[in-house]
Amino acid sequence: MKRSFVLTILLVMTLMVCAQKRVSILGDSYSTFAGKNPEGYAPFYPNDKNDVVDASQTWWSLYIQAKGYQMEQNNSWGGTTICNTGYGGMDATKMSFLSRVKMLGNPDIIFLFGGTNDAWANSPIGEYKYADWTEADLKAYRPALASLLEQLQSTYPDAKVYAILNSELKEEINESTREICAHYNVQLIELRDIEKQNGHPSIKGMQAISEQLQEAIK
């Protein structure tokens, strides 16, 4: 009886600790939903060419609900790149992931979900570089991702950072992301078989993302 009581108390305490964990997201359109991101950011969801119509159907809502966590900050902006070069070679410095890295509040867990637009926009790939980045360096994916991960770890030293890699991206982006995440000891979760509508996760795709995150993060 006493042992059972102690185990029950430990379980309750564990659940309370889990419930207190705060999650922040640094992302692009895959993590947007109207009214759930900072004002002025371009959301993709809801969209008349996609069956995700409620925020509760998003990957992040499903994941947080399943884990009993709470959202700290969803800093996701549709169409944005990690590096400072956007579509058509435009200067994306004002909206890139790099420009938003310090806007995540006080999280315990950070999900970095990007690289899709860098791939689709054919942003420069650049060279592997892990310090002393210049403005020119940050126009390219590899040095920009390295700088981003370094800033996430230094700005939020108590947070656990996870990187999520979209499925169906070109191998140059995939391999670069693997290499740089390994350098910073950041767990990379590579998505697979994500159903999409209009290039973005459908309801089934969102469910698959949440399930794959739960499977990968123990």
Side-chain angles (χ1 to χ4, degrees), residues 13-33 36-39 41 43 55 58-78 80-84 93 95-118 128-131 133 138 141-166 173 176-191 201 206 209-218:
M13 290 177 65
T14 300
L15 291 174
M16 288 176 64
V17 170
C18 289
Q20 293 171 356
K21 287 192 175 181
R22 300 178 300 274
V23 176
S24 286
I25 301 167
L26 185 57
D28 53 29
S29 59
Y30 275 43
S31 305
T32 60
F33 200 91
K36 302 297 183 179
N37 312 113
E39 186 176 352
Y41 285 22
T58 61
W59 70 264
W60 41 270
S61 181
L62 293 169
Y63 180 80
I64 287 174
Q65 182 177 15
K67 300 295 290 185
Y69 297 159
Q70 58 182 336
M71 180 66 77
E72 172 73 3
Q73 176 64 249
N74 186 345
N75 196 292
S76 298
W77 193 338
T80 56
T81 48
I82 285 177
C83 75
N84 289 336
T93 303
M95 63 185 70
S96 72
F97 282 51
L98 285 168
S99 71
R100 297 179 279 128
V101 69
K102 296 184 179 180
M103 303 178 183
L104 302 181
N106 184 32
D108 300 299
I109 296 171
I110 297 172
F111 285 115
L112 170 62
F113 195 173
T116 298
N117 289 301
D118 299 78
Y128 293 109
K129 187 175 182 181
Y130 297 106
W133 301 281
L138 300 180
Y141 182 73
R142 287 172 177 165
L145 179 57
S147 175
L148 183 64
L149 290 179
E150 191 280 331
Q151 289 186 67
L152 283 171
Q153 291 180 333
S154 61
T155 304
Y156 311 98
D158 297 324
K160 178 69 175 179
V161 179
Y162 297 98
I164 306 172
L165 183 62
N166 191 15
I173 289 288
S176 299
T177 307
R178 294 183 192 116
E179 178 81 16
I180 296 165
C181 284
H183 180 87
Y184 288 99
N185 195 31
V186 168
Q187 182 176 345
L188 176 63
I189 301 160
E190 298 189 45
L191 302 178
M206 291 292 192
I209 294 173
S210 174
E211 290 167 2
Q212 289 176 33
L213 291 180
Q214 293 177 62
E215 178 185 347
I217 303 170
K218 302 299 183 181

Notebook entry, point to check: Do the side-chain N and O atoms of Thr32 and Trp77 include a donor-acceptor pair separated by under 3.5 angstrom?
Noted result: no

Check: Would you call the rings of Phe111 and Trp59 parallel, tilted or perpendicular if under 30° counts as parallel and over 60° as perpendicular?
Finding: perpendicular

Next item on the list: Flag yes if more than 12 heavy atoms outside Lys36 fall under 6.0 Å of its NZ atom; otherwise flag no.
Entry: no

Checklist line | Side-chain donor-acceptor contact under 3.5 Å, Gln65 with Ser61 | finding: no

Check: Got a second to check how far Lys160's NZ is from Ile109's CD1, nearest 0.5 Å?
Finding: 10.0 Å

Item checked: Under 3.5 Å: donor-acceptor pair, side chain of Gln187, backbone of Ala216 -> yes

Checklist line | Arg142/Glu179 salt bridge by N-O under 4.0 Å criterion | finding: no

Checklist line | Spacing of Glu150 atom CD and Thr155 atom OG1 [to the nearest 0.5 Å] | finding: 7.5 Å

Next item on the list: Report yes if some heavy atom in the side chain of Val23 is under 4.5 Å from a heavy atom in the side chain of Gln70; otherwise report no.
Entry: no

Item checked: Taking every non-hydrogen atom, the tightest pair across Lys102 and Gln151 -> CE-OE1, 4.1 Å

Check: Should Ile82 and Leu148 be marked as a side chain to side chain contact (heavy atoms under 4.5 Å, CB included) after you check the CA-CA gap, both sets of side-chain angles, and the distance that decides it?
Finding: CA-CA 8 Å; Ile82 285 177; Leu148 183 64; 4.0 Å; yes

Item checked: Worked check of side chain to side chain contact (heavy atoms under 4.5 Å, CB included) between Gln73 and Ile25 -> CA-CA 6 Å; Gln73 176 64 249; Ile25 301 167; over 6 Å; no

Checklist line | Reported CG-to-CD1 distance for the pair Leu213 and Ile64, which is rounded to 0.5 angstrom | finding: 10.5 Å

Check: For the residue pair Trp60 and Tyr30, is the inter-centroid distance of their aromatic rings smaller than 6.0 Å?
Finding: no

Check: Any side-chain heavy atom of Met103 within less than 4.5 Å of one from Leu26?
Finding: no

Next item on the list: Provide the closest heavy-atom pair for Cys181 versus Ala163 in the form atom of the first, atom of the second, distance.
Entry: SG-CB, 3.7 Å

Item checked: Residue pair Cys83 / Leu138, side-chain heavy-atom distance below 4.5 Å -> no

Item checked: Inter-residue atom distance Ser29.OG - Asn117.CG, 0.5 Å rounding -> 5.5 Å

Next item on the list: Indicate yes or no: at least one non-hydrogen side-chain atom of Ile110 is less than 4.5 angstrom from one of Tyr162.
Entry: no

Checklist line | Leu112 vs Val186 side-chain heavy atoms within contact, under 4.5 Å | finding: no

Next item on the list: Start with the C-alpha gap between Leu152 and Tyr184, add the side-chain angles, then the distance that decides, and say whether side chain to side chain contact (heavy atoms under 4.5 Å, CB included) holds.
Entry: CA-CA 11 Å; Leu152 283 171; Tyr184 288 99; over 6 Å; no

Check: Asp118 side chain to Gly114 main-chain N or O, any donor-acceptor pair under 3.5 Å?
Finding: no

Notebook entry, point to check: Just by distance, do the side chain of Asn74 and the backbone of Asn37 share a donor-acceptor pair under 3.5 Å?
Noted result: no

Notebook entry, point to check: Which distance, rounded to the nearest 0.5 Å, do you find between the CG of Leu191 and the CG of Asn166?
Noted result: 6.0 Å

Next item on the list: Take Asp28 and Thr80 through the side chain to side chain donor-acceptor pair (under 3.5 Å) test and state the conclusion after the steps.
Entry: CA-CA 6 Å; Asp28 53 29; Thr80 56; 5.7 Å; no

Item checked: Rounded distance (nearest 0.5 Å) linking atom CD of Glu190 with atom CD1 of Ile164 -> 12.0 Å

Notebook entry, point to check: Can you find a heavy atom in the side chain of Ser31 that is under 4.5 Å from one in the side chain of Thr58?
Noted result: no

Note to self: Using only atom types and a distance under 3.5 Å, with no angle test, would you say the side chain of Tyr156 pairs donor to acceptor with the backbone of Leu104?
What the structure shows: yes

Margin query: Tell me the closest heavy-atom pair linking Arg100 and Ser76, and the distance in Å.
Written below: NH1-CA, 3.9 Å

Check: Shortest non-hydrogen contact from Thr177 to Leu165?
Finding: OG1-CD1, 3.9 Å

Next item on the list: Applying side chain to side chain donor-acceptor pair (under 3.5 Å), run through Ser210 and Gln214 and close with a yes or a no.
Entry: CA-CA 6 Å; Ser210 174; Gln214 293 177 62; 3.1 Å; yes

Note to self: With heavy-atom distances below 4.5 Å as the criterion, would you say the side chains of Asn75 and Pro38 are in contact?
What the structure shows: yes

Margin query: Ignoring hydrogens, what is the shortest heavy-atom contact between Ala146 and Lys129? Give both atom names and the distance.
Written below: CB-O, 3.3 Å

Note to self: What I'd like to find out is whether the side chain of Ser176 reaches to under 4.5 Å of the side chain of Tyr141, using heavy atoms alone.
What the structure shows: yes

